K.L.:
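One structure, pasted below without further comment.
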There are 2 protein chains.
Amino acid sequence: MQQPQLDLRVLQYFVAVAEELHFGRAAARLHIAQPSLSVQIRKLEHALGTPLLLRTSRSVSLTSAGDVLMGEAKRLLAAAERAVSLTREVASGVRGTLIVGFQANAAAELTPRILAAFKNNHPEIHVQMRSFDFADPTAGLADGSADVAFVRPPLPAADWLAMETLFIEPRVLVVASSSRFAGLSEVSVEQVVDESFVARKAPDKWRDFWLATQARGGQPVRLGTQVATVDECFEAIMGERGIAFTQASTQRFYDRPGLSFIPVRDVPPSPLSIAWRTDVNDGLAREFVETARTLAAFGGVPNLVDSRRPATVSTSFQSN
Amino acid sequence: MQQPQLDLRVLQYFVAVAEELHFGRAAARLHIAQPSLSVQIRKLEHALGTPLLLRTSRSVSLTSAGDVLMGEAKRLLAAAERAVSLTREVASGVRGTLIVGFQANAAAELTPRILAAFKNNHPEIHVQMRSFDFADPTAGLADGSADVAFVRPPLPAADWLAMETLFIEPRVLVVASSSRFAGLSEVSVEQVVDESFVARKAPDKWRDFWLATQARGGQPVRLGTQVATVDECFEAIMGERGIAFTQASTQRFYDRPGLSFIPVRDVPPSPLSIAWRTDVNDGLAREFVETARTLAAFGGVPNLVDSRRPATVSTSFQSN
DNA sequence: TCCACCGATAGCCTGAAACTATTGGACCCC
DNA sequence: GGGGTCCAATAGTTTCAGGCTATCGGTGGA
């Protein structure tokens, strides 16, 4: 993150001038003197490296850049104000908070719909999405830093953990575009058994699931780089430091030049589940789960393994 | 718009501390001295009226308000940066701009889909949505301040104007909840012919369309308040200064306590069209129209008059 | 031609925010 | 339990960004 070299106050000045198209009136509206305003706008233009306003001694008009900036500035200022009041409301307890843990692309296409529906039903609740890296497959539930989470089983069994599968999608192989596998319409695990695999820095059971050790017929895995996040993973793959399996939806969220996604014949699919803690009685979390279940039943995620699967409740791993 | 009393620089300071959970390291990362940082954070907390960080002499942690603010701050900073680069790109001509005029709720549920699809097909183009009040039913096309526009016919005929209907929806009557009409399942124009109507400050033909003068059987209209925007209109209605007709989709976008929407039996429906200028050869505008047409064919707007209507091209008003 | 309008410039002044040095509380370890 | 270390807070100083007033200069209308 760079220094934004942008000052919201100056942005407000600019919006005032852009709306009034008159430095004098804008200055009056801002309760500052006209010369101060002129100077600030000039500085802003200098900082951006482009004129924003065309002035004659009789009129002021916006350049196209100024026009764009005005729109952006208004949105920014509104967002800033919302941020302030949101923070105040959370602080004062007026507004409750639900922290939703997730990894990578969360529940894929379902995520925005679930969030929209939940916010619609609970406008007084602030939903905080929090991303977790591979080290915690429970996406924050384990240490209580999330109230509810989108997770990908298998998770370590724990009696305080409950989850419900929203959908099941196939896994695909990710390779560098330069790889000899790139462009194949399908591969089998056997074909890639001798390749280096990018491994997730995660609990053994989870790491092994993503290395598909079960499907290798006892063949040991050649380990490539270890990674903590999806981005690191794809970075490693593009750098030809290994290949990896991932859920099919990542192709739709992370596709980029240099990567190639190939269906795999004989790797078990990956469920996407919503999980929560059973040892805290969190009504909001339950409502969120309810919303997620409803939306999942609607469908809308492409390329599922079995879209007719009924929603079922299970405690981690095996049924209870 | 209030003064945001928020400084992006300070927000950046806060994010650094929130991420490092250590004033010394954060200060080093920001290239400032630790005491300066402490002071700024304290000021920020004071301005927001709430503690954001819990400090002991051995550790720093986030309060829930701090947690929320961190998320908001990151989004704000990212948005600020995007605003800067967007403005620069537009200024340098790297990024083209398409200005889309609209009124009220634009193309209703279709709007975000059209925008998303267009942005997907033209990631290098910045789409600027610009709202217009009733005074210009062409939503900026007339004076060239929009390249393409969502409009609601009938428009004044003009040979430089072309348009294409995306969908047609019924019109409904809007009244205050306290009105004797509120709660009726349906009304006829005859029933409300003696009421005061909120009139749009607009060209006669357009104003009359929205007063439904054609459907009144020659009865003159009692004019209530004159309004320039939808918000003003609903404000007037809630203040019982008149009632009005509006397109059905407004109910889904502007519904609020104090307003009541009632289907009307015998008022002609309102088409929503995409319009552009024929006297400038704007490829982007044509592409936008194309996208809109395609998405409209998909449907997805509830409660249409005739969803089987084929897309047809016509110059304003009558066919050409 | 003169005047009114309006943005830019010049010069001054104040306060916000940076810096350095130091204090004071908490934990660790012997 | 006392010395050492870590770390945030406080004190006091300095600098400069941004505000102000006064004025200039260019433009268009009367």
Side-chain angles (χ1 to χ4, degrees), chain A residues 3-63 65-67 69-70 73 77 80 84, chain B residues 3-63 65-67 69-70 73 77 80 84:
Chain A
Q3 60 229 25
Q5 64 191 345
L6 206 54
D7 187 339
L8 290 185
R9 190 175 32 84
V10 175
L11 233 45
Q12 227 167 350
Y13 291 180
F14 173 70
V15 168
V17 178
E19 283 181 352
E20 301 283 349
L21 292 177
H22 189 292
F23 278 74
R25 280 195 298 277
R29 187 172 118 185
L30 295 164
H31 307 296
I32 62 171
Q34 170 263 316
S36 314
L37 184 55
S38 290
V39 170
Q40 290 305 319
I41 299 293
R42 191 157 292 281
K43 277 193 183 176
L44 176 63
E45 289 177 317
H46 189 76
L48 290 173
T50 172
L52 301 168
L53 298 163
L54 300 172
R55 314 114 156 108
T56 72
S57 65
R58 304 302 282 181
S59 75
V60 175
S61 63
L62 285 167
T63 64
D67 197 14
L69 183 63
M70 176 165 71
L77 291 169
V84 169
Chain B
Q3 61 229 24
Q5 64 188 344
L6 206 55
D7 187 340
L8 289 185
R9 191 174 33 84
V10 175
L11 233 44
Q12 227 167 351
Y13 291 180
F14 173 70
V15 168
V17 178
E19 284 181 352
E20 300 283 349
L21 291 177
H22 189 293
F23 279 74
R25 280 196 298 276
R29 187 172 117 184
L30 294 164
H31 307 296
I32 62 171
Q34 169 262 317
S36 315
L37 183 55
S38 290
V39 170
Q40 290 305 318
I41 298 293
R42 191 157 292 280
K43 279 192 181 177
L44 176 62
E45 289 178 315
H46 189 76
L48 291 173
T50 173
L52 300 168
L53 298 163
L54 300 172
R55 315 115 156 109
T56 71
S57 64
R58 304 302 281 181
S59 75
V60 174
S61 63
L62 285 167
T63 64
D67 197 14
L69 184 63
M70 176 165 73
L77 291 169
V84 169

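Within every chain, numbering begins at 1; the chains are lettered A, B, ... in the order of the sequence lines, protein sequences first and strands thereafter. What you are looking at is a predicted structure, and each value in this text was computed from that prediction instead of being measured.
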K.L.:
Return the CG to NE2 distance between B:Leu37 and B:His22, rounded to the nearest 0.5 Å.
P.N.:
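One finds 11.5 Å between CG of B:Leu37 and NE2 of B:His22.
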K.L.:
Is A:Arg9 close enough to D:dG19 that one of its side-chain N or O atoms is under 4.0 Å from OP1 or OP2 there?
P.N.:
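Yes.
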K.L.:
How close or far is atom P of C:dG7 from atom CD of A:Glu45, stated in whole angstroms?
P.N.:
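These atoms are roughly 13 Å apart.
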K.L.:
Base of C:dA17, side chain of B:Gln40 - is there a donor-acceptor contact under 3.5 Å?
P.N.:
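No such pair is found, so the answer is no.
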K.L.:
For the side chain of A:Tyr13, counting heavy atoms from C-beta on, which of C:dA10, D:dG19, C:dG7 is nearest?
P.N.:
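Closest of the options to the side chain of A:Tyr13: D:dG19.
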K.L.:
Rounding to an integer number of Å, can you tell me how far B:Leu44 CG sits from D:dA8 C1'?
P.N.:
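In whole Å, D:dA8 C1' and B:Leu44 CG are 17 Å from each other.
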K.L.:
Would you give the length of the straight line joining atom CG of A:Leu52 to atom OG1 of A:Thr63, rounded to the nearest 0.5 angstrom?
P.N.:
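If I round to the nearest 0.5 Å, the distance is 5.5 Å.
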K.L.:
Rounded to the nearest 0.5 Å, what separates atom CG in A:Leu21 from atom OG in A:Ser61?
P.N.:
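It comes to 7.5 Å.
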K.L.:
Grab the CD-P distance between A:Gln34 and D:dC24 for me, whole Å please.
P.N.:
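So the CD-P distance, A:Gln34 to D:dC24, works out to 15 Å.
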K.L.:
Return no unless some side-chain N or O of A:Arg55 is found under 4.0 Å from OP1 or OP2 of C:dC6.
P.N.:
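No, because none of the side-chain N or O atoms of A:Arg55 sits under 4.0 Å from OP1 or OP2 of C:dC6.
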K.L.:
Answer yes or no: does a side-chain N or O of B:Lys43 lie under 4.0 Å from OP1 or OP2 of C:dA16?
P.N.:
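Looking at the OP1 and OP2 atoms of C:dA16, neither is under 4.0 Å from any side-chain N or O of B:Lys43.
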K.L.:
Counting only side-chain heavy atoms from C-beta out, which of C:dA21, C:dT9, D:dA8 sits nearest to A:Pro35?
P.N.:
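Shortest atom-to-atom distance from the side chain points to C:dT9.
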K.L.:
Roughly how far apart are A:Ile41 CD1 and A:Phe14 CZ, rounded to 0.5 Å?
P.N.:
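Reported value, rounded in 0.5 Å steps: 6.5 Å.
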K.L.:
Can you check whether B:Ser36 has a side-chain N or O nearer than 4.0 Å to OP1 or OP2 of C:dC19?
P.N.:
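Yes, because at least one side-chain N or O of B:Ser36 sits under 4.0 Å from OP1 or OP2 of C:dC19.
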K.L.:
Counting primed atoms plus P, OP1 and OP2 as sugar-phosphate and everything else as base, spell out the protein contacts along nucleotides 25-30 of chain C at 4.0 Å heavy-atom distance: B, S or - for each nucleotide, 5' to 3'.
P.N.:
BBS---
K.L.:
When rounded to the nearest 0.5 angstrom, what distance separates CD1 in B:Ile32 from CZ in B:Arg9?
P.N.:
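Reported value, rounded in 0.5 Å steps: 8.5 Å.
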K.L.:
For the pair made of CG in B:Leu37 and P in D:dA8, what is the distance, rounded to whole Å?
P.N.:
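These atoms are roughly 9 Å apart.
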K.L.:
Atom CZ of B:Arg25 to atom C1' of D:dC6: distance rounded to whole Å?
P.N.:
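Rounded to the whole Å, the gap is 11 Å.
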K.L.:
Tell me: CG of A:Leu8 to C1' of D:dG18, nearest whole Å?
P.N.:
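From A:Leu8 CG to D:dG18 C1': 17 Å.
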K.L.:
Given that A:Val10 and B:Val39 both sit by DNA chain D, which one's nearest nucleotide is further toward the 5' end?
P.N.:
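Result of the comparison: B:Val39.
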K.L.:
Could you give the CG-to-P distance, from B:Leu52 to D:dA8, as a whole number of Å?
P.N.:
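For the pair B:Leu52 CG and D:dA8 P, the rounded distance is 16 Å.
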K.L.:
Look only at the side chain of B:Glu45 and the backbone of B:Leu53, and say whether a donor-acceptor pair between them is shorter than 3.5 Å.
P.N.:
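Present.
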K.L.:
Please name the residue in the list B:Gln40, B:Arg42, B:Gln34 that meets the side chain to side chain donor-acceptor pair (under 3.5 Å) test with B:Ser38.
P.N.:
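Single pass found, and it is B:Gln34.
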K.L.:
C:dA18 C1' sits how many Å from B:Asp7 CG, rounded?
P.N.:
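My rounded result for the distance is 14 Å.
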